[in-house]
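Structure first, commentary second.
Quick caveat, the model's predicted, so the values are computed rather than measured.
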Amino acid sequence: MSAQDAVIYTQDGGVVTLTLNEPDTRNAISPAIVDGITNACARINADMSVCCVVITGAGKSFSSGGNVKDMRERTGLFGGSPLEARRGYQHGIQRIPEAMQAIEVPTIAAVNGHAVGAGCDLSMMCDIRVAAEDAEFSESFLRVGLISGDGGAWFLPRVIGLSRAMEMTFTCDVIKAPQAYAWGMVNHVVPLDQLLPEAQKLAKRIASQPPQSLRLSKKLIRESHGIPLRASLEMAAGMQALVQSSQDQSEAVTAFFEKRAPKFIGK
């Protein structure tokens, strides 16, 4: 399957929806999905008309993570010698966390059904998560004798805290949507038939913001997470100096006083 078929890219206004489209494997992370996600992230960063992204899965699952058949047969992402496997991870599935961390616009995971292993980790790489009532999350690597090789050990504790991430990892427990909401793992839980509409509704609200300021706001929050306050303040000062001289910032203030919706142009 080609990357374009494995990850369907659709755009409605400022919102792009990426649909993992290998339902026969419950959207297990394949080389085509890796290419599809990373290609889409690069395309989005280069397109200022995109202001928010929704990621979801075709069929009954968000993503089942690694393909267990490939694990058994030592093929695909699980083939080769130890040196080949190490390189395979670095130039394969690990391209996803690097691309997701580098994507400039806000991202929303619309999680349907199972988000297991690398599928769970992919949802954690997004900025916001909306879960269907049937959604289930599991950091299930130990169940098949593996560790999280795709960045989950970095992302998951940042979403739910170190202790809960340890518990999920060590037990491989399934976390259903209500518990995920209570833990702060997901922002919203909605009926399955409302999952994509609600996620896209939220995305459209986000996409209504001034594009340059929106991208810089995300960068400021992400970068500030691991640096001292003084460094964050310095970054904020530089970003603020840029956006406050933009046409969109003037339009936002004018629209506020004129009591109308602003019309942003990304400049």
Side-chain angles (χ1 to χ4, degrees), residues 20 25-30 33-34 37-38 55-57 60-72 74 76-80 82 85-103 107-189 221-222 225-226:
L20 309 186
T25 64
R26 294 190 300 154
N27 303 312
I29 304 298
S30 66
I33 285 180
V34 172
I37 291 174
T38 55
I55 302 178
T56 194
K60 295 182 179 180
S61 293
F62 180 76
S63 173
S64 61
N67 190 314
V68 181
K69 290 182 179 179
D70 287 348
M71 294 180 201
R72 181 183 60 190
R74 294 290 191 261
L77 297 174
F78 304 95
R86 177 177 178 270
R87 184 171 177 81
Y89 270 89
Q90 292 173 330
H91 296 274
I93 196 169
Q94 289 183 354
R95 291 163 52 211
I96 291 179
E98 290 179 341
M100 291 296 296
Q101 185 68 0
I103 196 169
T107 53
I108 301 171
V111 182
N112 50 311
H114 298 91
V116 177
C120 178
D121 292 343
L122 175 59
S123 71
M124 297 301 118
M125 295 173 199
C126 294
D127 302 312
I128 297 168
R129 281 153 294 282
V130 179
E133 291 172 336
D134 71 338
E136 296 182 350
F137 300 83
S138 180
E139 195 73 353
S140 58
F141 296 96
L142 286 173
R143 189 173 296 156
V144 289
L146 297 175
I147 64 168
S148 173
D150 64 316
W154 194 89
F155 287 96
L156 185 62
R158 284 168 166 76
V159 175
I160 62 173
L162 183 61
S163 181
R164 283 175 173 158
M166 293 284 195
E167 181 179 347
M168 278 190 72
T169 301
F170 299 157
T171 64
C172 302
D173 283 350
V174 173
I175 308 299
K176 296 182 182 294
Q179 185 177 357
Y181 179 77
W183 278 13
M185 183 183 294
V186 302
N187 300 68
H188 307 280
V189 177
I221 292 172
R222 279 287 181 94
H225 193 76

Heavy atoms only: give me the nearest [X]-[Y] pair and the separation to one decimal.
X      : Y      : value
Ala153 : Ser148 : N-OG, 3.6 Å
Cys126 : Met100 : SG-CE, 3.8 Å
Ala99  : Thr38  : CB-CG2, 3.9 Å

Quick one: side-chain hydrogen bond (donor to acceptor under 3.5 Å, both in side chains) partners of [X], sequence neighbours excluded?
X      : value
Asn187 : none
Thr107 : Asp127
Gln179 : none
Ser30  : Glu22

Residue list, side chain to side chain contact (heavy atoms under 4.5 Å, CB included) with [X], at least two apart or on another chain:
X      : result
Arg86  : Gln90
Ile221 : none
Ala180 : Phe137, Ile175, Met185, Val186

(Q) Are Glu139 and Thr171 packed together at the side-chain level, in the sense that at least one heavy-atom pair is separated by less than 4.5 angstrom? (A) no
**Q.** Any side-chain heavy-atom pair of Leu20 and Leu122 under 4.5 Å
**A.** yes
Could you grab the distance from atom [atom1] of [X] to atom [atom2] of [Y], nearest 0.5 Å is fine?
X      : Y      : atom1 : atom2 : value
Met168 : Ser138 : CE    : OG    : 6.0 Å
Ser64  : His114 : OG    : NE2   : 9.0 Å
Thr56  : Ile108 : OG1   : CD1   : 11.5 Å
Asn27  : Lys60  : CG    : NZ    : 13.0 Å
Thr169 : Ile147 : OG1   : CD1   : 10.5 Å
Ile93  : Asp121 : CD1   : CG    : 8.0 Å

**Q.** salt bridge (charged side-chain N to carboxylate O under 4.0 Å, His left out) partners of Lys176, counting only residues at least two apart
**A.** Glu136
Q. Okay, side chain of Asp150, backbone of Pro97: is any donor-acceptor separation there less than 3.5 Å?
A. no
Q | Donor-acceptor pair, side chain of Ser63 and main chain of Gly65, under 3.5 angstrom | A | yes
Enumerate donor-acceptor pairs with a distance under 3.5 Å from any side-chain N or O in residues 158-166 to protein atoms, sequence neighbours excluded.
{"residue": "Arg158", "atom": "NH1", "partner": "Trp154", "partner atom": "O", "Å": "2.9"}

(Q) Can you pull out every salt bridge (charged side-chain N to carboxylate O under 4.0 Å, His left out) where at least one residue sits in residues 89-101? Sequence neighbours excluded, please. (A) Asp35-Arg95
Q | Verdict with supporting geometry, Glu133 and Val189, side chain to side chain contact (heavy atoms under 4.5 Å, CB included) | A | CA-CA 6 Å; Glu133 291 172 336; Val189 177; 4.0 Å; yes
